[in-house]
Amino acid sequence: MNLFTCSCKINNIFTLHLPILHINRRTTRFSIRFSSESTHRLKLAESLQSETLELLEWPALCQQLSSFTSTSMGFDAAESARIPVGGTPDESRKLLSQTSAAVAVPRPLDFTGIQDVSSIVDASVAGGILSIGELCAVKRTLAAARFLLQQLEEIASQGDFSERYSPLKEILHSCDYLVELEQKIEFCIDCSFSVILDRASEDLEIIRSERKRNMDNLESLLKKISTRVFQGGGFDRPLVTERRSRMCVAISASHRSLLPNAVILGKSSSGSTYFMEPKEAVELNNMEVKLSSSERVEEQTILSLLTSEIAESNVKIKRLLDKIVEIDLAFARAAHAQWTGGVCPALSSRDCNISQPECLSINVEGIQHPLLLESSLRNLSTNAPPRLPGLDQGNGVMNFETKPHAHFPVPIDIKIGHGTKVVVISGPNTGGKTASMKTLGLASMMLKAGMYLPAQNQPRLPWFDLILADIGDQQSLEQSLSTFSGHISRLCEILEVASRESLVLIDEIGSGTDPSEGVALSESILQYLKDRVNLAVVTTHYADLTRLKEKDSRFETAATEFSLETLQPTYRILWGSMGESNALNIAKSMGFDERIIEQAVLWVNKLTPDKQQEQKGLLYRSLLEERDGLESQAMEAASLHSDIMNIYNEINNETQDLDEREGALKSRQTHEIQQEVNTVKNEIQTIVQRFESQLRNTSADDINTLVKKAEAAIASIIEAHQPSKDSLVREIGQSLYTPQVGEQVYVKAFGNKLATVVEEPGDDDNILVQYGKIRVRVDRRCIRPIPPDASSSAAHLKTQVQQIRNLRDLRSLSEANKNQQDSFGAVVQTSKNTLDLRGLRTEDASLQLNMAIDSRAPNSVLFVIHGMGTGVLKESALKLLRDHPRVVKFEQESPMNYGCTVAYIK
């Protein structure tokens, strides 16, 4: 497959199996005539295919693709519509696999350094000598191409599915990267400074060494002479310069006598300064000129040798450039697919059983015209397809960016069965018939070129060898062709070259002439096409053509939908339906005289058979309304299911690590208890050791006193580490404890963590508590109250009074909104209903909170995170919640989230 071939390969389309003939004059003339006819058909097919691509606006789609290329070669290929197109189904599958592999690459490849050096290679083959810059361009391109393969291999080695990148690696693995040529150029030339290195050849190294030594002697001599001239007043400073490629000194015109027998090489514009070559420097200057000339000759020799190396490798270099463009276009197709939200199409199977109703030759759902989609995507986002900076230098790195889904153009479904050979699309003008037909043609071409389709699910289409179209006005004044004659002329050419693998698209077949003759001719053409092409899709206003389906199952009908309410097309295709032009309805909506409309209706009733009267129209409209209603219900169900699954996933994520947290809590508590036991042991051991040491030095009379002191010290340690009597009393009387709504309690099931009582105990002694975001019912025996602080009884009493007031307010508020409370549903914190005010100033926080409350939906909750801190931000937030008219109630500081308040919105 030639990389830069836009047209399909059609060399094998017209294969005829002829018997072997004896060679004689007659058969020779027949062979020549057959060869001439075959060549004519091939050229005609290529011409028609090219014209069809123009009609389908394929070049515009290729220009859209060019925006995603990363090299100047890839850009030129796409801009001029010279992208690769599969000449066989296998080649198209190969292109699709390359696109899929590029989509799977986690990061874009770096094409930096790649240049289009084809003209440089051609110059070397033509016999010219390349410059240092041109040689360096070849060297950089070879190195960058090798780096592309290294990037792919690195990406493939990092993942578990390295085989998915094999289609891309196969492109580059088959290339010769000419590493030896790259190394030769690098050895001879320093591309950073664009100079030939001394090591390029032994002669060059010797010449440059002698030249340097000679130049050092010459400069030393001239410096001495210029200093002598300066000291003799011959010039205002010692000056050594170069004139006419020879080194000399500057001297005033009045002091030329200081340099007798010197050669004058030049003088200043004023004539006051002469540039003279002293006689002592003549031999050294002559040697400099000679060595400089030898150096240039040797450098040209080196450049010539490197140029010949490139000329010998010109085929390999150009093949490598083709492979680079192939890789670039694969990634451009991948970026285009992600930009349009495209999906990978599949080729339809030929082995499908036609008797199966679900067996479709073309099954495309929700496809959008890619060119119309571009304008919609530009409106949705200011980030249009990027035109890369520095593209001519090939230093762009493509950034894959998926754009939001666009609702324009209207997505259409294309569903055509395997046994269908001709599809007749009818409907009103501007209803989308031609656009739908173009979309099918473009989709078929995109599949052949390995491009993803802007559709849904997985589109399936057959592979067409030729896509031939007759769309638009074929009128030609130069060729004396009317509109009808132009169409007939083009249809004649299409029928001549179409094969059993071709797709034929005809717009307004049989138009431009007498309707009766147009219908007859159109039906004959369609009957002819059904036996000779893979698929023909035509648009028409002739009702007789839509009834061909009743006579032959190989015909199918479709219609563009028209809304009788708005009298506007919906741009949707209804497969299996027969459309109406709705001309009378449109004329009536535009203000036509009622009498004209009534007379037209009478004529229609006379011309239309009884079976197609109003009953058919009413049935058709009722089916459309029923379908629209079912689609609306399906969309609502899908939206509700999506919301439920989002909430389920959030709750599931929150509860996944409960077992881990429980284990960690038990481990931490066990560790704390063990530390406390060790502490007690160490304290008691210290007392015992002190007792033993004192016992040795104590008299018998003081032993009892010493023992009592040791016992008292040990008792105090034990008492300090034992639970208080109050807690024991609370544990004994725990069964008598009844918590109140809003009270914070310890829950044993949560590892003695704080939770808030949400409902009073029921008849089954179960209490509903809220632990963080989770509400759960627990046994009343599994909870205990928060112990009071004896050292601050007054403060505790004040807190209890405040809690009682809050509880009374909460109960009164709850009773006032009893009917409304149930509508809030489960109080579950998510990222969408949470507002974080931490770090904001009080004024900014109030503004953000006001905006959040106003934007919340009715009967919803808002989690306000204000933190603890100094309490200023918290008090400000609570005051705003208390005064806001939309806030029904709020719960202050959830027990597991001390810096958060839950507000219930009306």
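We number each residue from 1, following the sequence as shown. Predicted, not measured: the structure shown is a model, and the values here were computed from it.
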Open item on the list: Measuring from atom CG of Leu453 to atom CD1 of Ile414, what distance do you get when rounded to the nearest 0.5 angstrom?
Closed with: 9.5 Å
Task: Residues that His336 engages under ring-ring contact (aromatic ring centres under 6.0 Å, His included), provided they are two or more places apart - done: Phe68
Task: Contact summary for Pro370 and Gln64, nearest pair of heavy atoms - done: O-NE2, 3.3 Å
Task: salt bridge (Lys or Arg N to Asp or Glu O under 4.0 Å) partners for Arg841, two or more places apart - done: Asp844
Open item on the list: Do the side chains of Lys415 and Asp413 get close enough for a salt bridge, i.e. N-O under 4.0 angstrom?
Closed with: no
Open item on the list: Show, in sequence, the C-alpha distance, side-chain angles and deciding distance for Arg838 and Ile865, and conclude whether the side chain to side chain contact (heavy atoms under 4.5 Å, CB included) test is met.
Closed with: CA-CA 7 Å; Arg838 292 174 296 182; Ile865 303 176; 3.5 Å; yes
- [ ] Verify side chain to side chain contact (heavy atoms under 4.5 Å, CB included) between Leu881 and Ile853, making sure each step is shown before the conclusion.
- [x] CA-CA 9 Å; Leu881 292 175; Ile853 294 174; 3.8 Å; yes
Task: Spacing of Thr756 atom OG1 and Glu743 atom CD [to the nearest 0.5 Å] - done: 10.0 Å
Task: From Gln456 atom CD to Gln368 atom CD, the distance as rounded to the nearest 0.5 Å - done: 8.0 Å
Task: Nearest heavy-atom neighbours spanning Arg107 and Val105 - done: O-CG1, 2.8 Å
TODO: Answer yes or no: is there a side-chain heavy-atom contact under 4.5 Å between Leu873 and Leu840?
DONE: no
Open item on the list: If I compare all heavy atoms of Arg164 with all of Ala104, which pair ends up nearest, and what's the gap?
Closed with: CD-CB, 3.6 Å
TODO: Output the distance between atom CG (Leu65) and atom CE (Met446), rounded to the nearest 0.5 Å.
DONE: 9.0 Å
Task: Test side chain to side chain contact (heavy atoms under 4.5 Å, CB included) applied to Val677 and Lys681, step by step - done: CA-CA 6 Å; Val677 171; Lys681 286 182 179 180; 3.8 Å; yes
- [ ] Measure from the side-chain N and O atoms of Ser860 to the backbone N and O of Arg856, and report whether any donor-acceptor pair falls under 3.5 Å.
- [x] no
TODO: Answer yes or no: is there a side-chain heavy-atom contact under 4.5 Å between Thr901 and His866?
DONE: yes
Task: Main-chain N/O of Val872 paired to Ser876 side chain as donor or acceptor, under 3.5 Å - done: no
Task: Heavy-atom side-chain contact between Ile362 and Val364 under 4.5 Å - done: yes
TODO: Specify the closest pair of heavy atoms between Leu880 and Ser846, including all atoms of both residues, with the distance to one decimal.
DONE: CD1-O, 3.7 Å
TODO: Show your reasoning for whether side chain to side chain contact (heavy atoms under 4.5 Å, CB included) applies to Lys906 and Asn859.
DONE: CA-CA 5 Å; Lys906 286 184 181 179; Asn859 300 327; 5.8 Å; no
Open item on the list: A side-chain contact here means heavy atoms from C-beta on lying under 4.5 Å apart; do Thr439 and Ile367 qualify?
Closed with: yes
Task: By side chain to side chain donor-acceptor pair (under 3.5 Å) - contacts of His641 (at least two apart) - done: none
Task: Non-hydrogen atoms of Glu365 and Ala455 that approach each other most closely - done: O-CB, 3.4 Å
Open item on the list: Pairing donors with acceptors under 3.5 angstrom, does anything connect the side chains of Tyr452 and Gln338?
Closed with: no
Open item on the list: Quick one, Val888 and Ile905 - any side-chain contact, counting heavy atoms below 4.5 Å?
Closed with: no
Task: Any Leu849 side-chain heavy atom under 4.5 Å of Leu847 side chain - done: no
Open item on the list: Measuring only between side-chain heavy atoms, which start at C-beta, is Tyr746 closer than 4.5 Å to Ile783?
Closed with: no
Open item on the list: Testing the basics here: between Arg886 and Asp854, what is the closest heavy-atom pair and its distance to 0.1 Å?
Closed with: NH1-O, 3.3 Å
- [ ] Could you check if a side-chain atom of Pro106 sits within less than 4.5 angstrom of a side-chain atom of Ile155, using non-hydrogen atoms only?
- [x] yes
- [ ] Could you tell me the separation between the CG atom of Leu862 and the OG1 atom of Thr834, rounded to the nearest 0.5 Å?
- [x] 7.5 Å
Task: Reported CG-to-CE distance for the pair Leu61 and Met451, which is rounded to 0.5 angstrom - done: 4.5 Å
